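Lettering follows sequence order; numbering is per chain, from 1. The shown structure was predicted, so the numbers you read here are calculated from the model rather than taken from an experiment.
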Protein chains: 2
Amino acid sequence: MPTSKDVARLAGVSQSTVSYVMSGRRPISEKTRKRVEDAMAQLAFQPNAGARALASRRSQVIGLAIPFVFDLHRGSIMEFISVIAATARQSDYDILLVTDDEGPQGLERVVGQQLVDGLIIMQVEGDDARVPVIRNLPVPSVLIGIPEKHEGLECIDADFELAGQMCVEELAKLGHETVTLVDWQDEVIRRHVNYVKRFHRGVDKASAAVGVKVLHAPGRVTIAGMEKAVAKALERTKGIPAFIAPEAANADLLVEALANLGLVPGRDVSVVANCSDGLAERQRIPLTTIGFEPDEVSRRAVHMIVRDLTDPASRPPEALELIRPVFKHRKSTIRPRPKR
Amino acid sequence: MPTSKDVARLAGVSQSTVSYVMSGRRPISEKTRKRVEDAMAQLAFQPNAGARALASRRSQVIGLAIPFVFDLHRGSIMEFISVIAATARQSDYDILLVTDDEGPQGLERVVGQQLVDGLIIMQVEGDDARVPVIRNLPVPSVLIGIPEKHEGLECIDADFELAGQMCVEELAKLGHETVTLVDWQDEVIRRHVNYVKRFHRGVDKASAAVGVKVLHAPGRVTIAGMEKAVAKALERTKGIPAFIAPEAANADLLVEALANLGLVPGRDVSVVANCSDGLAERQRIPLTTIGFEPDEVSRRAVHMIVRDLTDPASRPPEALELIRPVFKHRKSTIRPRPKR
DNA sequence: TCGATTTGTCGATACGTATCGACGATGCGC
DNA sequence: GCGCATCGTCGATACGTATCGACAAATCGA
């Protein structure tokens with residue numbers, strides 16, 4: 001493998017000049033730059049990452065803590081990761097995976113070894129065990145998800161509270177008086193994931209504000225279970241029923257359960273789901289959705305950490321970014337008693 | 001951050017002794033080792049990855065090339081990645097992501113910069129553009145998926161040919177004379193993904209061997225499309241129909257389409273699917289599946305590359321590992337005319 | 001025109017670990 | 001008791017890049 005010294009020799013300059021050509025930290029004459037760049041190209045030179053990290057004390061690598069258990073539709077986690085990795089590359093950073101298998105010490109390890117310059121923590125829970133750890137780490141971190149105690153942290157997430165609010169408001173605007181929230185699966189709720197709470201808060205807020213009654217149907221794992229939950233919700237609903245399904249897996253099940261009960265979204269009931277556009281459009285009746293734009297969250301998270309790293313002075317003492325959800329009208333809602 | 005020199009000073013030994021304690025490459029007396037280990041613990045010493053990589057010429061990092069487009073149920077890719085990362089850690093390796101955004105040059109970059117010691121390439125296609133690139137790379141690679149030209153490569157994948165064979169044989173054994181293969185989605189086939197071909201080969205082989213007629217239904221993206229495909233297949237089937245759904249997304253749709261046509265798996269038709277156990281068991285009628293054990297594939301891939309790296313001499317000139325699929329009988333098959 | 005600044009380059013050194021050669025101490029066979 | 005291999009440790013050096021101080025040349029302002 002060629003080194004910067006080889007490049008220097010070929011170009012007839014010193015090694016330090018080669019370094020300055022790469023970093024641009026000192027002025028270089030056009031002529032010299034050209035000679036060096038030609039030499040680099042000729043030798044297919046690539047700077048050694050280890051040496052670079054050693055000398056500069058920065059690895060140009062960001063650690064990405066990925067979740068062990070998957071709340072979200074698992075595919076969407078993959079999307080997060082892809083986008084994060086691709087976005088990081090645009091700022092000349094690479095992504096190193098940190099799994100939950102090592103526990104929070106995994107984070108201490110990659111930072112301690114100076115393998116990474118900063119961290120992005122995915123799927124942060126309400127009382128996440130990783131939070132106290134990263135507080136004591138000498139590198140910046142960005143959290144995706146919002147822990148209970150988030151003073152002094154940089155967090156980003158979809159605005160679940162607003163999403164809950166928007167769902168209820170939208171259904172109220174259509175004329176629904178009772179709305180059933182198909183809840184997350186027990187397992188998720190039990191883990192105190194924060195965004196569930198936030199979504200609920202938004203739903204409750206809007207419910208109080210616009211005077212809509214909200215029923216809670218537990219999230220079920222099987223179709224049979226979902227059918228039972230739906231039936232129960234129907235019993236307690238006056239007028240045309242409306243459902244909010246904030247978990248993709250449940251949206252799927254809900255639609256199927258409704259179909260089995262002979263109910264067509266957009267004709268007999270209203271359904272607002274939170275799922276990918278793909279899933280929504282694959283349904284017989286395309287679903288109206290509240291979208292969470294995972295790409296947007298990922299990109300912003302990367303930009304935040306990159307800014308922290310390239311310009312530490314600009315690092316805010318605390319940041320809490322909420323990404324506005326997007327409401328997409330499709331065909332699964334109905335006006336029980338058209339206004340106008 | 002403490003360095004090995006700090007540890008040496010505290011323990012009253014030389015820096016090289018600290019290094020030998022860590023690597024075990026020279027005998028160290030029990031007494032000295034203890035002193036050094038205590039000092040390391042006291043200082044919470046972690047060796048600097050960059051310096052280590054520079055001196056040893058190995059980064060202890062494996063590059064993982066992740067797919068840009070997702071054939072498999074996207075969630076399962078996430079599973080691959082998690083397991084690969086966790087398994088790598090067990091051999092003291094970390095995982096660096098390489099996305100397709102950079103194209104095959106991304107692989108050249110991470111290797112050229114000596115960021116990684118080896119590569120795992122996921123989701124390898126029949127004529128994958130990355131294959132010619134890795135052939136010229138000075139580090140070992142392991143491919144998940146099998147390209148057309150695989151001489152001199154180390155590949156691993158699920159044994160799709162055997163899977164196709166097993167599906168047909170199983171249905172034949174039950175007594176079916178006609179079997180419908182719900183094919184992959186056009187997009188996947190068009191990309192010449194190799195495993196589709198291999199699955200077909202297995203199906204054809206078994207079909208010829210046991211004298212079962214095989215119909216092909218195109219994979220559809222919508223329920224309506226799937227219903228049409230199923231109806232067409234039914235027309236051309238004599239006796240009780242049987243379906244093979246080798247793609248998880250299609251399995252889902254197939255079951256729904258059958259339900260809409262009033263057909264119950266295990267009562268009116270036989271269905272063998274390839275999907276996760278979770279999905280299979282969530283169905284009203286738990287699906288009999290052919291399982292591809294992604295964990296097994298991931299673990300083996302990591303073990304292969306780690307072996308290549310730790311003992312280069314043991315590297316085989318070529319390897320083609322096929323993981324045997326697992327047939328799980330549940331409730332979605334039926335004997336048209338019981339034999340015995 | 002001269003001093004002051006800027007431009008462009010070089011040499012030397014630091015970064016933290018791994019590893020090689022050297023060397024005294026220890027154990028072994030006889 | 002002697003030669004010899006092994007054990008256990010140290011000092012020195014290499015790994016490849018970034019960066020600092022130095023310095024000559026070019027540019028500028030008055």
Side-chain angles (χ1 to χ4, degrees), chain A residues 1-37 39-40 43-61 92 109 111-115 117 138 309-310, chain B residues 1-37 39-40 43-61 92 109-117 138 309-310:
Chain A
M1 288 269 178
T3 72
S4 58
K5 223 174 262 174
D6 298 326
V7 173
R9 195 175 314 125
L10 183 58
V13 300
S14 74
Q15 179 268 324
S16 58
T17 299
V18 174
S19 181
Y20 285 121
V21 166
M22 292 194 288
S23 69
R25 293 180 147 279
R26 288 214 179 155
I28 299 286
S29 71
E30 205 44 59
K31 207 177 62 184
T32 306
R33 150 172 296 117
K34 180 81 173 65
R35 276 226 310 285
V36 170
E37 280 169 353
M40 294 204 296
L43 296 175
F45 168 73
Q46 313 247 115
N48 178 294
R52 184 173 269 218
L54 179 57
S56 69
R57 295 133 172 289
R58 4 182 62 237
S59 63
Q60 295 293 114
V61 174
D92 207 35
R109 182 181 63 81
V111 171
Q113 294 183 166
Q114 296 168 62
L115 258 172
D117 297 335
L309 293 173
T310 47
Chain B
M1 289 270 179
T3 71
S4 60
K5 223 174 258 174
D6 298 325
V7 173
R9 195 176 313 123
L10 182 59
V13 299
S14 73
Q15 180 268 324
S16 59
T17 299
V18 174
S19 181
Y20 285 122
V21 166
M22 293 194 288
S23 70
R25 293 180 148 279
R26 286 211 180 159
I28 298 286
S29 71
E30 205 44 58
K31 207 177 62 186
T32 306
R33 150 171 295 116
K34 182 82 173 62
R35 276 225 310 285
V36 170
E37 281 169 352
M40 295 205 294
L43 297 175
F45 167 73
Q46 312 246 118
N48 178 294
R52 185 173 268 217
L54 179 57
S56 68
R57 295 137 169 291
R58 6 182 60 236
S59 63
Q60 295 293 114
V61 174
D92 207 34
R109 181 180 62 81
V110 293
V111 171
Q113 295 183 168
Q114 294 168 65
L115 259 172
V116 305
D117 297 334
L309 292 173
T310 48

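Heavy-atom distances to DNA chain D give each of P47(A) and R33(B) a nearest nucleotide, and the one nearer the 5′ end belongs to R33(B). Along DNA chain C, the nucleotide nearest Q15(A) and the nucleotide nearest E30(A) are compared for position; the residue whose nucleotide lies closer to the 5' end is E30(A).
The backbone N or O of R57(B) lies less than 3.5 Å from no partner atom in the side chain of Q114(B), so there is not a single donor-acceptor pair. With S59(A) contributing its side chain and L115(A) its backbone, the two residues share a donor-acceptor pair below 3.5 Å. Between the side chain of D117(A) and the main chain of Q60(A), a donor-acceptor pair closer than 3.5 Å is present.
Scored by the salt bridge (charged side-chain N to carboxylate O under 4.0 Å, His left out) test, K5(B) finds no partners at all (sequence neighbours excluded). Applying the salt bridge (charged side-chain N to carboxylate O under 4.0 Å, His left out) criterion to R109(A), with sequence neighbours excluded, gives E102(A), D94(B). In this view, R35(A) satisfies the salt bridge (charged side-chain N to carboxylate O under 4.0 Å, His left out) rule with no residue, not counting sequence neighbours.
The CZ atom of R25(A) lies 9.0 Å from the OH atom of Y20(A); values are rounded to the nearest 0.5 Å. S4(B) contributes atom OG, which lies 5.5 Å from atom CE of M22(B) (distance to the nearest 0.5 angstrom). To the nearest 0.5 Å, atoms CZ (R9(B)) and CG (L43(B)) are separated by 9.5 Å. Q46(B) contributes atom CD, which lies 13.0 Å from atom OG1 of T3(B) (distance to the nearest 0.5 angstrom).
For the pair K31(B) NZ and dT26(C) P, the interatomic distance rounds to 10 Å; values are reported in whole Å. Between the P atom of dT17(D) and the CD atom of Q46(A) lies a distance of 11 Å, rounded to the nearest Å. N48(A) places its CG atom 13 Å from the C1' atom of dC15(C), with the value rounded to the nearest Å.
Of the residues in residues 52-61 of chain B, those with a non-hydrogen atom less than 4.0 angstrom from any atom of DNA chain C are R52(B), A55(B), S56(B). DNA chain C lies under 4.0 Å from at least one heavy atom of each of the following residues of residues 19-27 of chain B: S19(B), Y20(B), M22(B), R25(B), R26(B). Non-hydrogen atoms lying under 4.0 Å from DNA chain C are contributed by G12(A), V13(A), all within residues 5-13 of chain A.
A donor-acceptor contact under 3.5 Å is not formed by the side chain of S4(A) with the base of dG16(D). For dG8(C), the base has no donor-acceptor partner in the side chain of S29(A) [N/O atoms by modelled type, under 3.5 angstrom].
Across all strands, S14(A) comes closer than 4.0 Å to base atoms (heavy-atom distances).
Contact of the T17(B) side chain with the I28(B) side chain is registered, since non-hydrogen atoms from C-beta on lie closer than 4.5 Å.
Distances shown here put every side-chain N or O of S16(B) at or beyond 4.0 Å from the OP1 or OP2 atom of dG11(D).
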